[in-house]
Structures are given as C-alpha cells and as structure tokens.
Chemist: 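Sharing a structure, written as structure tokens. Questions coming.
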Amino acid sequence: MATLDFLGATGTVTGSKFLVETGAGRLLVDCGLYQGLKALRQRNWERLPVDPASIDWVMLTHGHIDHTGYLPRLVKDGFRGRVCATRATADLLKILLPDSGHLQEEEAAYHNKRGTTKHKPALPLYTAEEGLAAAEAVKGVDYRAPLALAPGLRVTFRRAGHILGSATVTVEIQGRRLVFSGDLGRYGAPILPDPMPIEEADDVVVESTYGDRRHDPAPIPSQLERVIKDAVDRKGAVIVPAFAIGRTQELMYHLAGLEKAGRIPRLPVYMDSPMAISATEIYCAHPEDFEGDMRGMVMNRNCPLQCGDFRLARTPEESRAINDVHGPVLIISASGMATGGRVLHHLKQRLPDPHTTVLLVGYQAVGTRGRRLQNGEETLRIFGEDIRVRARVETIHGLSAHADADGLLRWLGTAGRPPERVFVVHGDPEPAAALAARIRKDLGWPVRVPEYRDRVTLDGRGST
Ligand SMILES: [Zn+2]
C-alpha cells in the first residue's frame with residue numbers, strides 16, 4: 001500500500017517536500033529549503049524524518065530554492081538515488097544551487113566573525129561546490145513524456161507556467177494518479193504559456209500561496225509606460241530592484257513590447273546581475289517551454305526578452321561603469337527587495353538625486369529596504385550610511401508568478417473527473433484555509449489542509 005507524507009510546505013510557503021512510499025521504492029517530490037522565520041529555518045538543520053540513503057528518486061517541480069535548495073544537503077546526508085526535473089529546470093539549477101551554497105557559506109562566515117554561534121566553527125548547510133555537484137547530477141526530462149521509474153511506477157511532468165521549466169508532477173502508482181501542482185503560474189501571462197491541464201487525478205496536492213486573493217487586472221504595460229515616460233521627462237535614471245529569475249525577464253519582455261509599439265522612447269537598459277543574465281540566456285535556450293510567437297522567436301535565436309539598446313553588466317567593473325551614465329537610463333539589478341546585491345550600490349549613488357525613480361515590481365516584505373522606500377521613509381541605511389531619499393518611488397502591481405484563487409480553481413477544473421481528495425499545501429494558514437473552503441463550496445470535492453508530518457494512505461480509503 002502506498003503512502004504520502006507531508007514533510008514541508010505545510011502552514012507555510014517554503015520547505016516543499018512530499019514523500020511517496022510505494023512497494024517499488026521511495027520517491028520525494030520537491031526537496032525545498034525552509035526560508036523566512038527562524039523556527040522554520042531551524043528545520044533545515046534537523047535530520048529528515050526519513051533516512052536520505054533510503055530514498056530512491058527525487059522529482060523537482062521547478063528551480064526555486066524553496067523547492068530544491070535542500071537537495072545538496074540530502075546528498076551530503078547519504079542520498080544516492082536519481083534526480084529528475086525538466087531540461088530548463090536542470091539548467092537553472094546549475095546557477096541556483098551553487099548560489100544558494102554561496103549564501104550558506106557567507107552566513108556561516110558571518111556567524112563565525114560575530115561569534116554568534118553555538119557551534120564552533122559554524123558550518124554551512126552546504127557549500128557552493130556541493131550545490132553545483134548536486135545540480136550537475138539532475139537529469140533533464142521532457143514534458144508529457146511518462147518516465148518509468150519501476151514496474152507500476154511512472155512520473156509525468158506537465159508545464160505549470162510559473163517560471164521557466166516549472167512543471168506539475170503526476171505520479172502513477174499501479175494506475176492510481178497523484179498530481180502535485182508545484183507552484184502554479186497565471187493564466188494569460190506573457191512569456192510562458194498557460195498551465196497544462198491535469199487530465200486525470202485520484203489525489204491532488206495543490207499550492208495555495210494566493211489562495212485568498214484575486215490579482216489586480218490593471219494592465220502592466222500601461223503602468224510601466226506611465227512610469228518610464230515620466231522618468232524620461234525628468235531626464236533621470238530608473239532603478240528596478242528585481243529577482244533575477246522570472247521577474248527580470250517579464251519586465252524585459254514588457255519593455256521590448258512598449259519600445260516596439262513606440263509607446264516609450266528607446267533608452268539604454270542595463271541588466272546588472274550575473275544571475276539574471278545567465279537566467280535570461282537559459283530562457284532563450286529552451287524553446288520547448290514556449291508556444292506560438294514566443295516559441296518561434298526563441299527557435300530563430302531572436303530573443304524576445306531584449307529591447308533595442310540592451311546592455312549587460314556581468315563583471316563588477318561593468319557594474320561600476322554604470323555610475324557614470326547620466327540622463328534617462330533603466331537599471332535592472334538584484335535583489336528584488338533591496339536586501340542585498342548590486343542594486344544597493346545604485347541606490348546609494350542615486351537616491352539623493354530628485355531626478356531618479358525607484359520602481360518596485362514585486363512584493364516587498366516588512367523590514368526590507370524596498371518596503372521602507374514604499375513607506376516613503378526619508379533616509380535609508382545602506383552600507384552603514386544613512387542615505388537621503390529624494391528619488392521618486394513607484395510600485396507596479398500585478399507582476400506575480402503565482403496563480404490567484406480563481407487561477408488555482410481553474411487548473412483544478414481541468415481534471416477529467418473529480419478527484420477523490422485534494423490536499424492544500426504551500427500557503428500561510430489563512431490562504432490555505434480560504435482555498436480549501438472554495439474547493440469545497442465551488443467544486444464540492446473532499447479537501448483537507450494537512451499538517452507537518454501528516455501521513456495519508458493512497459488506496460482511496462481515507463487517511464491514517
Ligand atoms: Zn516557485
């Protein structure tokens with residue numbers, strides 16, 4: 001009899017890990033790192049409730065660290081099985097996992113320097129080198145091509161539209177189908193096509209990040225056009241703190257479109273982030289992730305994510321050279337909430353200039369510099385200095401990589417017949433409960449919000 005254990009992303013949006021135990025072996029769907037609250041991050045250091053050496057396969061839904069960042073640690077703790085993901089995810093992991101290892105090393109070094117550690121010396125969860133080794137062992141697979149892991153056990157990846165390479169994962173155990181949504185993208189979003197239909201499912205595990213929300217329908221290009229035109233009139237720079245994967249490419253796509261339509265003047269755009277540059281190259285190397293015009297452009301090596309005067313800053317010298325650029329210019333740089341990264345140098349230099357615009361394009365968590373700017377604070381502390389904020393601060397809403405409640409319901413509705421059970425995961429308690437209530441009310445399906453370490457049997461006869 002097969003079982004499903006919830007080992008992460010219960011009551012929270014990080015640490016995704018779902019263990020499927022079958023007669024043929026043990027399969028882990030996603031292998032995510034806990035992020036955010038300290039009580040959760042502490043779990044990254046506890047031993048996994050299952051011996052990593054006893055796991056046979058790991059299937060990764062997409063590249064984000066909260067779904068993949070525990071993999072190097074799993075390997076370090078004895079896992080020797082096979083890891084599969086889509087081809088684009090496998091490529092993205094070669095930049096994401098070493099970067100995650102690098103951050104772990106920096107954190108350990110910080111604690112050692114400050115003496116803020118019980119363990120002497122503090123060690124990283126894993127190193128950049130271990131991150132890269134884990135990523136290089138990931139096997140890339142095709143969409144909609146069932147992968148036979150053992151007799152009676154098959155896995156199929158279908159596009160999820162969340163970020164490049166993102167997929168839903170269907171696990172078939174003796175013909176019974178268990179479908180994981182992973183993180184689900186938005187319907188009708190630019191760049192990536194809509195999520196593929198579920199087809200058939202007996203059990204569904206669905207995310208609920210925005211399970212209680214409806215996204216703002218105001219069109220992004222019009223919002224962007226207004227901010228850019230205004231900045232050009234004032235002959236100043238536009239600084240955009242943006243996440244390297246997903247948000248940066250979506251922004252580039254909209255800019256290129258506005259330029260082509262003549263809605264904004266052609267102005268120099270700097271992408272100042274080595275990770276964003278590599279990620280954009282990976283976007284343009286995977287036509288299988290696109291449909292229609294986008295696919296055609298990518299196949300013809302005509303990257304749809306580049307505007308007319310597009311400049312890359314890979315090295316620190318190239319990044320510093322941007323300081324001498326005056327007049328209207330757009331600088332896209334990480335991190336997305338201005339908590340670190342190269343964007344801090346640009347903010348430090350240009351915030352005191354009233355011609356500057358800071359454009360925020362994503363969620364800004366409480367306590368971050370991004371949120372402080374949004375709140376209209378008059379000074380901002382950067383590299384130990386209080387920097388005066390004379391720049392204009394603008395926010396564009398609606399650039400989210402996650403489906404809202406309507407989108408999640410729409411995807412569930414693509415199941416060919418009602419599933420026997422739905423499990424709502426990957427959400428804070430309120431959005432998870434709200435989505436569960438809607439599934440019950442609108443679809444009339446049995447639904448449950450599992451807790452950490454809950455186990456259910458997969459024979460259709462309820463839970464243990
Ligand atoms: Zn994600």
Side-chain angles (χ1 to χ4, degrees), residues 7-18 28-36 40 44 58-71 83 85-97 99-100 103 135 138 143 157-169 179-187 189-196 205-211 213 215 242-251 275-276 279 282-283 286 289 334-337 361-363 365 398-405 407-408 411 424-428 431-432 435:
L7 302 182
T10 48
T12 175
V13 293
T14 67
S16 279
K17 283 180 214 81
F18 308 102
L28 192 63
V29 175
D30 278 343
C31 192
L33 204 62
Y34 280 103
Q35 296 169 309
L40 287 175
N44 295 327
V58 174
M59 302 292 134
L60 302 173
T61 58
H62 66 289
H64 280 150
I65 290 302
D66 58 322
H67 292 256
T68 61
Y70 192 76
L71 181 67
V83 189
T86 65
R87 292 177 194 286
T89 296
D91 278 352
L92 285 174
L93 286 173
K94 288 180 197 123
I95 54 176
L96 284 164
L97 290 181
D99 181 69
S100 172
L103 292 175
V138 177
Y143 293 104
F157 291 78
R158 290 180 174 82
R159 281 201 299 258
H162 167 61
I163 58 165
L164 186 83
S166 65
T168 67
V169 167
V179 178
F180 294 87
S181 71
D183 283 358
L184 207 68
R186 302 172 69 159
Y187 285 87
I191 308 188
L192 298 176
D194 286 349
M196 287 174 166
V205 178
V206 65
E207 68 124 324
S208 59
T209 314
Y210 289 132
R213 256 179 276 181
H215 291 317
F243 297 103
I245 297 174
R247 201 63 48 90
T248 292
Q249 291 77 24
E250 197 167 330
L251 202 61
M275 196 196 266
I282 295 173
Y283 263 74
H286 286 279
D289 274 74
S335 73
M337 296 189 275
V361 294
Y363 177 74
L399 275 165
S400 171
H402 283 272
D404 60 6
L408 292 166
W411 177 72
V424 177
V425 299
H426 198 285
D428 289 327
L435 184 70

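Counting convention: from 1, in listed order, for ligands and their atoms alike.
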Chemist: Please name the atom of His64, restricted to N, O or S, that is closest to the Zn ion (ligand 1).
Modeler: ND1

Chemist: Do the rings of His162 and His64 sit parallel, tilted or perpendicular, given the 30° and 60° boundaries?
Modeler: perpendicular

Chemist: May I ask you to test the Leu92-His62 pair for a side-chain heavy-atom distance under 4.5 Å?
Modeler: no

Chemist: State the atom name: nearest N, O or S atom of Asp183 to the Zn ion (ligand 1).
Modeler: OD2

Chemist: Measuring to the Zn ion (ligand 1), does His67 have an N/O/S atom at a distance below 2.8 Å?
Modeler: no

Chemist: Out of Val13, Leu184, Leu435, which residue meets the side-chain contact (heavy atoms from CB on, under 4.5 Å) rule with Glu207?
Modeler: Leu184

Chemist: Could you tell me whether the Zn ion (ligand 1) has an N, O or S atom of Asp66 under 2.8 Å away?
Modeler: no

Chemist: Can an N, O or S atom be found in His162 less than 2.8 Å away from the Zn ion (ligand 1)?
Modeler: yes

Chemist: Evaluate the side-chain proximity of Val138 to Thr68: yes if any heavy-atom separation is below 4.5 Å, no if none is.
Modeler: no

Chemist: Nearest to the Zn ion (ligand 1), which N, O or S atom of His62 do we find?
Modeler: NE2

Chemist: For Asp30 versus Leu28, what's the shortest heavy-atom pair and its separation?
Modeler: O-CG, 3.4 Å

